[in-house]
J.: 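Here it is, the structure in full.
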Amino acid sequence: NNGTYNYGVSTVFLEGGNQNLAGTTATTFYNLTLASSGSGVKTQFINKSCTNILELNNQHLNTDIFTFFVLNTSLGAITRDFTTNTSGFVSSANGGYLSRATNSTGTYLFPTGSTANNSLNTPGSGTIRYRPVEVVPNSNSLSSYTARLANLDASTTTENVGTGYNLNSKENLICTANSLFFHQINRSAGIAPADIKVYYVPLSDGIWQGLARWNLPSVDDTWRAISGSSTSPSASPFSVALKTAWNNFTANPYILYNGLSVIANCGGPVCPGITSPAHVLSSTVSPPGSYNYSWSSNPAGFTSSAANPSITPTPSTTTTYTVSISNTTDNCQAVDSCTLIVLSAPIAPTVITTAGTCAAVGTATVSNYDNTLTYTFSPSGPSVGAAGAISGATPGTSYTVTSTDASSCTATSSSFNVPTQLAVPTAPTVGNITQPTCVSPTASVEFSDLPNTGSWTIVGVPSGSLTSTGTIGTITGLTAGTSY
């Protein structure tokens, strides 16, 4: 078209073999139909657009380095023959795109494909691939999105002049990236975030974990995994890579990638200070293989290089454990954390004892007794009654008492023993009595059979006393004529 084309509500049919959409004026169609009876490739030599329906059927539209704009915001503005995955698509050279206007939160199909394995998108020169993209805007504001399938290794220098999008330039969360193809996806107008879906065929393309995106040179010129992207099976033969609520369209190359996946499991909850059995942290890694492990904790203090390390004793407070894994070939990494809930231990029992007497043994009481706890003794035998009174203990035997709460957490007292009953000494034997004289007006009495160990005290009634050691002792200063 080299002039003015009044499209009205018309339909233009392309029914021949290879056909060119050329001219000096960017034509706008109402409906453009690539007739299923046609053959060959329909190639653009200038930007084109349609305001209603682009009907691809089983044909191939090549935008070359130009863009085909679908201005109709209806979800069904592009139709194709869904019985085939070898045609019925739009291909583009490096610099060309399929563009769609959106104004709803429905699913917009970008039927991107290619029959070329070069940046020029020379039709028929390479592997045929139909790898569509779907965009699901998160608001109904007017926006435009573009997409292109680049059916070649992203490292090809003609894709990004001088260097390509080097697949070896990747962060360590990425182990491998798809070398068969990548996509260019962009939001060319508007501000609506969108769910991005990239379809692939696992049987021929491989199995992938998620989406990665090329960062701009002003950042670090590197493929970086898109956090939160995932893959899942879709309608046969496809699987789909998905990133929801994507809102970072500063660079447009997107690729399928595989990385490591690790899930940390702390187990628990646990009681503090447990040494036996040892508590074990675990890690589950995908895919299986030989990996280096590095565990750390917050609060700090724990490190380990084991896959499933033991914690002995368990910590005193709730602790977060982080495991970082790397493989032994290209040092790609994965990180995950888990939190070990540590329960509060009961207060250790405090035992107070009273001394024994000549008439009875001493006593022992749990002064901080709590009737919600269970008390056990080592060695066994005693028990705790109301108000914490301990009964059944053998006097003179060393015990500890342990309190246990409803969560089976425990605390143990210091050792204690119930004081024994004091022994009643043998009555002393009265020996020599020395009477008062003119020289000494007081009397004295000698006692024998006194205890032969330790000290003793004799108390006279109504007076006189003696504290000493040995088996014989004498009380002096007694009053004559007084009965003692």
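Note that the coordinates shown come from a computational prediction; the quantities given were computed from them, not determined experimentally. Along the sequence shown, residues carry numbers from 1. As a basis for the values below, the full set of heavy atoms in this structure was taken, side chains included, without hydrogen atoms, waters or symmetry mates.
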J.: Whether the side chain of Asn151 engages the backbone of Ala116 through a donor-acceptor N/O pair (distance < 3.5 Å, no angle test) should be reported.
T.: yes
J.: Which residues pass the side chain to side chain donor-acceptor pair (under 3.5 Å) test with Asn103, sequence neighbours left out?
T.: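 Asn103: side chain to side chain donor-acceptor pair (under 3.5 Å) contacts with Thr73.
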J.: Could you list the residues that satisfy salt bridge (Lys or Arg N to Asp or Glu O under 4.0 Å) with Glu171, not counting sequence neighbours?
T.: Arg224
J.: Could you check whether any side-chain N or O of Trp246 sits under 3.5 Å from a backbone N or O of Asn248, counting only pairs where one atom can act as donor and the other as acceptor?
T.: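 A pair under 3.5 Å: yes.
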J.: Are Ser114 and Asn121 close enough that some pair of their side-chain heavy atoms sits under 4.5 Å apart?
T.: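 Counting from C-beta outward, Ser114 and Asn121 do come under 4.5 Å.
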J.: Closer than 3.5 angstrom, by distance alone: can the side chain of Asn18 be matched with the main-chain N or O of Val41 as a donor-acceptor pair?
T.: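 Between the backbone of Val41 and the side chain of Asn18 there is a qualifying donor-acceptor contact (under 3.5 Å).
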J.: Under the side-chain contact (heavy atoms from CB on, under 4.5 Å) rule, what do Val240 and Ser232 come out as? Steps first, then yes or no, please.
T.: CA-CA 6 Å; Val240 60; Ser232 61; 3.7 Å; yes
J.: Check whether the side chains of Asn186 and Ser188 place a donor and an acceptor atom closer than 3.5 Å, and report yes or no.
T.: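 No donor-acceptor contact under 3.5 Å links the two side chains.
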J.: Show your working on side-chain hydrogen bond (donor to acceptor under 3.5 Å, both in side chains) between Thr400 and Ser415 and close with a plain yes or no.
T.: CA-CA 5 Å; Thr400 58; Ser415 61; over 6 Å; no
J.: Taking all heavy atoms of Thr28 and all of Ser49, pick out the closest pair and write down the distance.
T.: OG1-OG, 2.9 Å
J.: Are side-chain heavy atoms of Phe66 and Lys48 found at a separation under 4.5 Å?
T.: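 When only atoms from C-beta onward are counted, Lys48 and Phe66 do not touch, as no gap falls below 4.5 Å.
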J.: We want to know whether Thr102 and Arg187 form a side-chain donor-acceptor pair, criterion being a heavy-atom distance below 3.5 angstrom.
T.: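 Looking only at side-chain atoms, Arg187 and Thr102 do not form any donor-acceptor pair under 3.5 Å.
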J.: State the CD1-OG1 distance between Ile341 and Thr317, to the nearest 0.5 angstrom.
T.: 10.5 Å
J.: Is there a donor-acceptor pair under 3.5 Å between the side chain of Lys243 and the backbone N or O of Ala212?
T.: no
J.: Show your working on side-chain hydrogen bond (donor to acceptor under 3.5 Å, both in side chains) between Thr320 and Thr339 and close with a plain yes or no.
T.: CA-CA 4 Å; Thr320 296; Thr339 298; 3.1 Å; yes
J.: May I ask you to check whether Ser36 and Asp81 show a side-chain donor-acceptor distance below 3.5 Å?
T.: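 There is no such pair (donor and acceptor under 3.5 Å, judged by atom type) between the side chains of Ser36 and Asp81.
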J.: Does the gap between the ring centers of Tyr200 and Phe181 come in under 6.0 Å?
T.: no
J.: State the CD1-CZ distance between Ile311 and Phe302, to the nearest 0.5 angstrom.
T.: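 If I round to the nearest 0.5 Å, the distance is 5.0 Å.
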J.: Hydrogens and angles aside, do Asn252 and Tyr97 bring a side-chain donor and acceptor to less than 3.5 Å of each other?
T.: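 Present: a donor and an acceptor within the cut-off.
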J.: Using the ring centroid of each side chain, check whether Tyr165 and Phe182 are separated by less than 6.0 Å.
T.: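 Between Tyr165 and Phe182, the centre distance is under 6.0 Å.
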J.: Closest heavy-atom contact between Leu56 and Pro111?
T.: CD1-CG, 3.6 Å
J.: Donor-acceptor pair, distance only, cut-off 3.5 Å: does the side chain of His279 make one with the backbone of Cys266?
T.: yes
J.: For the atom pair CD (Glu134) and OG (Ser234), what is the distance rounded to the nearest 0.5 Å?
T.: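 That separation rounds to 7.5 Å.
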J.: Under the side-chain contact (heavy atoms from CB on, under 4.5 Å) criterion, do Phe13 and Leu32 qualify, and how do the steps go?
T.: CA-CA 6 Å; Phe13 293 88; Leu32 176 63; over 6 Å; no
J.: Are the side chains of Leu21 and Thr27 in contact, using a 4.5 Å heavy-atom criterion?
T.: no
J.: Around Leu75, counting heavy atoms of other residues, nucleotides and ligands shown, do more than 12 lie under 6.0 Å from its CG?
T.: yes
J.: Could you grab the distance from atom OG of Ser283 to atom CG of Asn308, nearest 0.5 Å is fine?
T.: 4.5 Å
J.: Give the minimum heavy-atom separation between Arg148 and Ser92, together with the two atoms involved.
T.: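 Heavy atoms only, the tightest pair is NE-O, 3.1 Å.
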J.: Please find the pair of heavy atoms, one from Ala348 and one from Asn368, that lie closest to each other, and give the distance.
T.: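 Reported closest heavy-atom pair: O-ND2, 3.0 Å.
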J.: Does any part of the side chain of Ile78, heavy atoms only, come nearer than 4.5 Å to the side chain of Phe110, both counted from C-beta?
T.: no
J.: So, the side chain of Ser413 versus the backbone of Val401: is there a donor-acceptor pair under 3.5 Å, distance only?
T.: yes
J.: Only counting residues at least two apart or in another chain, list the ones meeting salt bridge (Lys or Arg N to Asp or Glu O under 4.0 Å) with Arg100.
T.: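 Salt bridge (Lys or Arg N to Asp or Glu O under 4.0 Å) check on Arg100 returns nothing, list empty.
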J.: Are the side chain of Asn258 and the backbone of Ile207 linked by a donor-acceptor contact shorter than 3.5 Å?
T.: yes
J.: If you take all heavy atoms of Pro309 and Trp295, which pair is closest and at what distance?
T.: CD-NE1, 3.4 Å
J.: Would you mind telling me which of Thr67, Val90, Thr63 makes a side chain to side chain contact (heavy atoms under 4.5 Å, CB included) with Gln44?
T.: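 The side chain to side chain contact (heavy atoms under 4.5 Å, CB included) with Gln44 is passed solely by Thr63 among Thr67, Val90, Thr63.
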J.: Is any side-chain heavy atom of Gln333 closer than 4.5 Å to one of Ser326?
T.: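 Yes, at least one pair of side-chain atoms sits under 4.5 Å.
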J.: Using a 4.5 Å cut-off on heavy atoms from C-beta on, say whether the side chain of Phe416 contacts that of Ile390.
T.: yes
J.: What's the verdict on side-chain hydrogen bond (donor to acceptor under 3.5 Å, both in side chains) for Asn215 and Trp223, showing C-alpha distance, side-chain angles and the deciding distance?
T.: CA-CA 6 Å; Asn215 270 346; Trp223 287 106; over 6 Å; no
J.: Should Asp405 and Thr372 be marked as a side-chain contact (heavy atoms from CB on, under 4.5 Å) after you check the CA-CA gap, both sets of side-chain angles, and the distance that decides it?
T.: CA-CA 7 Å; Asp405 64 17; Thr372 66; over 6 Å; no
J.: Could you please spell out the steps behind the salt bridge (charged side-chain N to carboxylate O under 4.0 Å, His left out) verdict for Lys42 and Glu55?
T.: CA-CA 13 Å; Lys42 322 306 177 186; Glu55 186 179 5; over 6 Å; no
J.: Among side-chain atoms of Ser141 and Ser139, is any donor-acceptor pair under 3.5 angstrom?
T.: yes
J.: Between Phe82 and Leu109, does the side-chain contact (heavy atoms from CB on, under 4.5 Å) criterion hold? Intermediate values first, please.
T.: CA-CA 12 Å; Phe82 284 93; Leu109 171 67; 3.7 Å; yes
J.: How many angstroms lie between atom CD1 of Ile46 and atom CD1 of Ile65, to the nearest 0.5 angstrom?
T.: 11.0 Å
J.: Which distance, rounded to the nearest 0.5 Å, do you find between the CG of Asn94 and the OG1 of Thr158?
T.: 7.0 Å
J.: Verify side-chain hydrogen bond (donor to acceptor under 3.5 Å, both in side chains) between Tyr108 and Ser104, making sure each step is shown before the conclusion.
T.: CA-CA 9 Å; Tyr108 288 84; Ser104 80; 3.2 Å; yes
J.: Side chain of Ser229, backbone of Ile226: donor and acceptor closer than 3.5 Å?
T.: yes
J.: Measure the shortest side-chain to side-chain distance between Tyr399 and Pro379 over non-hydrogen atoms and say whether it is less than 4.5 angstrom.
T.: yes
J.: Under 3.5 Å, is there a donor-acceptor pair between the side chain of Asn72 and the main chain of Asn52?
T.: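 Side chain of Asn72 to backbone of Asn52, a donor-acceptor pair under 3.5 Å: yes, one is there.
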J.: Can you find a heavy atom in the side chain of Phe89 that is under 4.5 Å from one in the side chain of Leu149?
T.: no
J.: Do you know the tightest heavy-atom contact between Pro123 and Asn62?
T.: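 Heavy atoms only, the tightest pair is CG-ND2, 3.8 Å.
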J.: Is it the case that the side chain of Thr314 and the backbone of Ile274 share a donor-acceptor pair, with hydrogens and angles ignored and the cut-off at 3.5 Å?
T.: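 Checking the backbone N and O of Ile274 against the side chain of Thr314, a donor-acceptor pair under 3.5 Å is found.
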J.: Is a side-chain donor-acceptor pair under 3.5 Å present for Thr412 with Thr402?
T.: yes
